Enquirer: 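Have a look at this one.
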Amino acid sequence: MMKNTKQKIIDNAIEIFNDDYSSSLEKVAERAEVTRRTLHRYFTDRTDLLKACQQEMQENCKTNITNAINSSADPLVQLERILYASIDCGSKYSFLQKLHHGQDHVHEKSDKDCAAYDHTFNKTTSIILELQKQGIISPTLTTPWITLFLSGIINTTILSSTTGSVARNDIKSFAWFSFSKGIGINKL
């Protein structure tokens with residue numbers, strides 16, 4: 001029961017903070033159907049709850065990206081599936097990036113949360129380098145440029161999804177088309 005209550009609070013907090021990062025703990029407790037006192041049994045304050053949410057989101061994104069990579073031996077297929085997994089994670093966990101790249105946050109490789117965040121996305125860099133080595137991705141572009149471009153495509157896709165300006169069943173194919181052409185992939 002304890003684990004289920006704690007997980008229920010985290011899951012509801014993620015949903016609420018995705019919609020409104022400034023939402024109160026009262027709103028989280030209400031949505032999780034627990035008292036504020038019960039919420040504080042598991043989390044001392046907002047910062048503690050946000051840290052638990054961040055760990056949950058990072059772990060789920062890491063799992064999704066790892067599954068995307070493990071779904072194929074072909075690095076081009078892996079990259080496409082990483083894009084889709086990242087879009088799914090970004091849609092479901094939109095405030096993860098805010099937490100990790102917020103103005104209070106100083107990214108340090110020695111910080112275990114930063115290292116975990118980086119580890120999730122470092123595999124993508126290896127795949128990009130392999131595709132450049134194979135001549136599939138343009139060697140003119142640097143890896144940092146490609147990863148930032150990937151992040152931009154993901155953010156644009158999520159925005160398109162939330163605004164409803166693009167048909168939902170077209171969004172991912174538009175994202176892959178834009179990304180693949182933008183990094184010079186001609187083998188499609």
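None of these values were measured; they are calculated from a predicted model.
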Enquirer: Among all residues two or more places apart in sequence or in another chain, which pass the salt bridge (Lys or Arg N to Asp or Glu O under 4.0 Å) test with E59?
Expert: none
Enquirer: How long is the span from the CG atom in L129 to the OG1 atom in T143, to the nearest 0.5 Å?
Expert: 4.0 Å
Enquirer: For the backbone of S138 and the side chain of Q132, can you confirm whether one donor and one acceptor N or O come within less than 3.5 Å of each other?
Expert: yes
Enquirer: Whether the Q7 and D11 side chains hold a donor-acceptor pair (N or O, under 3.5 Å, no angle test) is what I'd like checked.
Expert: yes
Enquirer: Is it true that K172 and D88 make a salt bridge, defined as a side-chain N closer than 4.0 Å to a carboxylate O?
Expert: yes
Enquirer: Using the side chain to side chain donor-acceptor pair (under 3.5 Å) criterion, which residues pair with D170? Sequence neighbours excluded.
Expert: none
Enquirer: Less than 4.5 Å apart, side chain to side chain, heavy atoms only: is that true for R46 and F17?
Expert: yes
Enquirer: Side chains of Y21 and L50: does their closest heavy-atom pair fall under 4.5 Å?
Expert: yes
Enquirer: Taking side chain as C-beta onward, heavy atoms only, is L79 less than 4.5 Å from I183?
Expert: yes
Enquirer: About how many Å separate CH2 of W176 and CD of E80, when rounded to the nearest 0.5 Å?
Expert: 5.0 Å
Enquirer: Would you name the heavy atoms of S160 and I171 that are closest together and state the gap between them?
Expert: C-CD1, 4.2 Å
Enquirer: Quick one: pull up OG1 in T142 and CG in L148 and give me the separation to the nearest 0.5 Å.
Expert: 8.0 Å
Enquirer: Taking S178 for the side chain and A175 for the main chain, is one N or O donor matched with an acceptor at less than 3.5 Å?
Expert: no
Enquirer: Using a distance-only test with no angle check, is there a side-chain donor-acceptor pair under 3.5 angstrom linking T66 and T63?
Expert: no
Enquirer: Is the closest basic N to carboxylate O distance between R36 and E30 below 4.0 Å?
Expert: no
Enquirer: Can you measure from CG (L39) to CG (D45) and round to the nearest 0.5 angstrom?
Expert: 10.0 Å
Enquirer: Under a 3.5 Å cutoff, is there a donor and acceptor pairing between the side chains of S72 and D74?
Expert: no
Enquirer: State, yes or no, whether a side-chain contact exists between F179 and T156 at a heavy-atom distance under 4.5 Å.
Expert: no
Enquirer: Tell me, do M57 and I14 make a side-chain contact under 4.5 Å, heavy atoms counted?
Expert: yes
Enquirer: Can you measure from CD (Q78) to NZ (K123) and round to the nearest 0.5 angstrom?
Expert: 10.5 Å
Enquirer: Between L76 and L131, which heavy-atom pair has the shortest distance, and what is it?
Expert: N-CD2, 3.7 Å
